[in-house]
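Side chains are part of it too, since the values below use all heavy atoms of this structure and drop only hydrogens, waters and symmetry mates.
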Amino acid sequence: MEGEGAGRRTETGTTQVEPAHWPPSHCEALKQYVAKGMSYTDATNALNARFGTTYSRSAALGRARRMGLGGPDPSRAPPVLTEALLQRLRERRTADDFRPLEFFRHPPVFERVERVQLRCVEVDPRRLTLVELERGDCRFPYGGDSDGEAITFCGRPRRKGSGYCTPHFHLSRDPAAPAERTVSAAPLRLVDAI
């Protein structure tokens with residue numbers, strides 16, 4: 001079965017697939033529309049309006065191809081780019097016409113900055129491995145800055161609602177941000193209304 005069928009809408013709004021065979025009258029109409037120079041979209045819309053079908057543009061293109069319509073004209077050779085034509089194109093383009101595009105700017109060059117070692121003086125970390133960490137231990141990482149250096153974790157008791165102990169929590173947060181999550185009154189009102 002060729003894949004050139006179309007659907008027809010039923011009263012319930014579902015689509016029934018029409019047979020893949022195009023009736024000769026539909027093929028003849030498609031040939032006429034293409035010969036008039038209509039686009040395949042317009043030809044398909046005209047076919048659907050005339051015969052009450054719902055052919056897709058792709059179905060019309062496929063059928064036209066199988067009928068030998070609409071392809072590039074093999075008798076018409078592509079234009080040849082001659083040296084004279086190339087010279088005319090080069091003359092049109094002068095140095096004044098050339099403007100570099102804005103997005104071809106060079107990326108900025110950043111200077112290498114020495115890495116600052118963050119540390120928390122208040123904490124004496126236990127330096128536990130990932131396997132040694134338990135549920136309530138601080139997960140603030142230590143090490144791993146150089147190749148081959150092991151990564152360990154603080155391991156001190158965690159702050160409630162955080163993965164870090166209190167000093168590491170404050171070290172990893174913006175000082176201007178509130179330390180605790182604020183509870184909105186809106187959900188509480190909804191609970192009271194129930």
Side-chain angles (χ1 to χ4, degrees), residues 1-113 130 139 141 144 147 161 163 172-174 176-178 181-194:
M1 195 163 146
E2 297 178 64
E4 56 184 337
R8 190 184 296 268
R9 291 248 175 228
T10 63
E11 294 169 0
T12 60
T14 58
T15 304
Q16 276 186 323
V17 177
E18 293 179 0
H21 177 268
W22 281 45
S25 58
H26 295 199
C27 295
E28 204 52 46
L30 178 62
K31 187 185 279 188
Q32 289 172 1
Y33 294 142
V34 171
K36 287 181 185 176
M38 293 174 77
S39 69
Y40 281 100
T41 301
D42 293 338
T44 305
N45 291 339
L47 272 171
N48 290 334
R50 181 172 168 186
F51 296 108
T53 57
T54 55
Y55 290 123
S56 67
R57 177 180 170 272
S58 295
L61 274 167
R63 184 62 187 163
R65 188 189 57 172
R66 283 183 282 283
M67 291 170 51
L69 306 174
D73 188 3
S75 64
R76 190 169 172 207
V80 178
L81 194 58
T82 63
E83 190 60 40
L85 182 58
L86 274 173
Q87 187 60 34
R88 271 192 306 187
L89 290 172
R90 287 184 193 126
E91 288 171 3
R92 284 188 199 167
R93 200 170 186 193
T94 64
D96 296 336
D97 292 340
F98 180 74
R99 293 184 192 118
L101 299 173
E102 289 294 317
F103 56 86
F104 282 124
R105 292 184 187 149
H106 293 290
V109 178
F110 296 103
E111 295 177 13
R112 186 145 184 93
V113 179
L130 184 62
R139 267 109 170 105
D147 288 339
S172 64
R173 297 291 190 274
D174 180 11
R181 292 192 322 197
T182 56
V183 178
S184 171
L188 297 176
R189 285 190 203 123
L190 291 174
V191 170
D192 289 340
I194 294 178

Query raised in the report: Where do H26 and T53 come nearest, in terms of heavy atoms and distance?
Result: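 It is CE1-CG2, 3.6 Å.
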Query raised in the report: If you look at every heavy atom in L47 and A29, which pair is closest and at what distance?
Result: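 Here L47 and A29 meet closest at CD2-CB, 3.7 Å.
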With rounding to the nearest 0.5 Å, note down the distance linking [atom1] in [X] to [atom2] in [Y].
X	Y	atom1	atom2	answer
L30	M67	CG	CE	5.5 Å
L61	L69	CG	CG	10.5 Å
R139	L130	CZ	CG	8.0 Å
Q32	M38	CD	CE	11.0 Å
S25	R50	OG	CZ	7.5 Å

Query - Mutual orientation of the aromatic rings belonging to Y55 and W22 [parallel < 30°, tilted 30-60°, perpendicular > 60°] - result: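 Ring orientation, 0 to 90° scale: parallel.
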